[in-house]
Amino acid sequence: MASIRVAVIQAEPVWLDLAGAVRKAIGLIEEAANSGAKIVAFAEAWLPGYPAWIWARSVDFELQTRFIYNSLAIESDEMEQIKAAAKKHNIAVVLGFSERSPSNSVYIAQAIISPQGELALHRRKVKPTHMERTIFGDGSGGDLTNVAELDFGAPWGKIKVGVLACWEHTQPLLKYHSITQGEVIHISMWPALDKSTGVDHPGLWSMTAEGCQNLSQTYAIESGAYVLHSTTVCGENGINTLSTQNGLSSRQPGGGHSCILGPDGRRLTPPLGTGSPDSEGIVYGDLDLTKVVANRGFLDIIGHYSRPDLLWLGVDRQQKELVVPRVDAKQPGAEEETV
């Protein structure tokens, strides 16, 4: 089977500027396609940039309002531009973005756009992490579907591509459900990640660049899939725009630690450029998909290395709605709307 080239973005967003961010995304999509990539992966909330100010202060009315205005709606001209770019360049786009709902709520969202320019999958992060809950809403049952089968044509055919956001990679049940969907290539999306400063690091090690890569590597081992570990760069412009100088995240320029991980967990690519975390660019890799099959001959946690007679997972995939028809017990057959 022929190897498939993938591209992992390590770039700074155009902070809180949806139009500018879309233009930059389309340019990166074109660059990746011109370098032979068939999949390009962006970081968490790359459109319009992860709101790192939440780790510095819990409330910022001005920035939050600006953030909502510049978040991406599913039904929008901006989304159509990105879909058109995927189709034009015959490349699958896995996009991390802040989704703006019709009622102006925002959600940490992900989209998988096929090489044919179709929205193959749209999901929301099931549970935002800690301070993220100050601005983002929860996902629902439908968001448990996080894998889409994409048709890349000859010689690759159809390949299952999956995605999770950030600390969703800490959740054993969510990860197991993801793995049952049979992905071969997984995109692991993260914001800008600061390197650990050692045992006296002011935050959690599991939030550092080293800790988050560890989570992605663990996912690769558990799933037996290739993992595209995609991170954001936050430079001086981002720090000044978001005022994160005194926060737990994005205090200094950096954050970029994108890489590609093999199905046995090993890192396959070196750091981008000089290795500085403020380097912008694209990490490329040629994936030999036969290695996924070879690896699962040893480790397949949803197949020969499982015991469903002893341990199993229960799932509710139903989307929860705000308005639900209810049968009135006093009048059989009658329905009323309940908010």
Side-chain angles (χ1 to χ4, degrees), residues 3-10 32 37-44 46 91-96 108-115 120-126 139 143-150 152 156 158-191 193 211-232 257-269 283-296 299-303 313:
S3 295
I4 186 168
R5 172 158 280 209
V6 298
V8 187
I9 302 300
Q10 180 175 305
K38 304 306 294 182
I39 302 173
V40 58
F42 288 83
E44 182 182 37
W46 196 83
I91 186 172
V93 177
V94 187
L95 184 68
I108 296 175
Q110 298 162 312
I112 298 178
I113 301 169
S114 74
L121 183 140
H122 158 239
R123 71 178 295 271
R124 295 169 174 172
K125 190 173 183 178
V126 174
D143 301 303
L144 295 175
T145 299
N146 64 302
V147 176
E149 187 173 66
L150 305 180
F152 291 93
W156 306 283
K158 295 180 179 179
I159 299 173
K160 287 189 175 182
V161 178
V163 61
L164 288 173
C166 197
W167 259 16
E168 287 190 315
H169 294 88
T170 68
Q171 301 210 21
L173 301 183
L174 182 61
K175 290 194 296 179
Y176 193 77
H177 181 261
S178 174
I179 293 166
T180 65
Q181 296 172 63
E183 63 191 332
V184 175
I185 299 172
H186 176 83
I187 289 78
S188 175
M189 293 184 176
W190 303 87
L193 302 173
C212 294
Q213 183 179 311
N214 181 284
L215 288 168
S216 288
Q217 288 181 286
T218 300
Y219 189 90
I221 294 169
E222 292 173 337
S223 66
Y226 281 100
V227 172
L228 313 188
H229 179 76
S230 184
T231 61
T232 295
H257 300 276
S258 297
C259 63
I260 298 172
L261 307 169
D264 62 354
R266 74 182 72 188
R267 180 170 176 156
L268 300 176
T269 56
V283 177
Y284 293 99
D286 297 302
L287 310 187
D288 178 358
L289 301 186
T290 66
K291 292 187 181 298
V292 174
V293 177
N295 186 78
R296 288 181 182 168
L299 179 61
D300 181 3
I301 66 171
I302 60 170
L313 176 65

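In what follows, residues are counted from 1 in the order of the sequence shown. Here the structure is a predicted model, which means the values were calculated and not measured.
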Side chains of [X] and [Y], heavy atoms from C-beta outward: is any pair under 4.5 Å?
X: Leu287; Y: Val292; value: no
X: Ser223; Y: Ser178; value: no
X: Ile112; Y: Val94; value: yes
X: Leu174; Y: Leu144; value: yes
X: Leu268; Y: Arg266; value: yes

Separation of [Y] [atom2] from [X] [atom1] (nearest 0.5 Å):
X: Ser114; Y: Leu121; atom1: OG; atom2: CG; value: 11.5 Å
X: Leu228; Y: Ile187; atom1: CG; atom2: CD1; value: 4.5 Å
X: Ile91; Y: Lys38; atom1: CD1; atom2: NZ; value: 7.0 Å

Original post:
Under 3.5 Å, is there a donor-acceptor pair between the side chain of Gln217 and the main chain of Leu261?
Top reply: no
Subject >> Side-chain (Thr269) to main-chain (Ile260) donor-acceptor, under 3.5 angstrom >> reply: yes
Minimum heavy-atom distance [X]-[Y], with the two atoms named:
X: Cys166; Y: Trp190; result: O-CH2, 3.3 Å
X: Ser230; Y: Ala43; result: OG-N, 3.2 Å
X: Trp167; Y: Lys125; result: N-NZ, 4.4 Å
X: Asn295; Y: Gly224; result: ND2-CA, 3.6 Å
X: Ala165; Y: Glu44; result: CB-OE2, 3.7 Å
X: His257; Y: His229; result: O-CD2, 3.3 Å

Under the salt bridge (charged side-chain N to carboxylate O under 4.0 Å, His left out) test, which residues partner [X], sequence neighbours left out?
X: Lys175; result: Glu222
X: Arg296; result: none
X: Glu183; result: none
X: Asp288; result: none

Does [X] have any ring-ring contact (aromatic ring centres under 6.0 Å, His included) partners at least two apart in sequence or in another chain, and if so, which?
X: His186; answer: His169, Tyr219
X: Tyr226; answer: none
X: Trp46; answer: Phe42

**OP:** Not counting sequence neighbours, which residues clear side-chain hydrogen bond (donor to acceptor under 3.5 Å, both in side chains) with Ser258? List them please.
**Re:** Thr231
**OP:** Using the test side-chain hydrogen bond (donor to acceptor under 3.5 Å, both in side chains), find all partners of His177 that sit at least two apart in sequence or belong to another chain.
**Re:** Gln181, Arg317
**OP:** Start with the C-alpha distance between Ile39 and Ile159, add both sets of side-chain angles, then the distance that settles side-chain contact (heavy atoms from CB on, under 4.5 Å), and finish with yes or no.
**Re:** CA-CA 11 Å; Ile39 302 173; Ile159 299 173; 5.8 Å; no
**OP:** Mind checking side chain to side chain contact (heavy atoms under 4.5 Å, CB included) for Glu149 and listing every partner two or more places apart, or none if nothing turns up?
**Re:** Lys158, Lys160
Subject >> Steps toward side-chain contact (heavy atoms from CB on, under 4.5 Å) verdict (Leu164, Arg123) >> reply: CA-CA 9 Å; Leu164 288 173; Arg123 71 178 295 271; 3.9 Å; yes
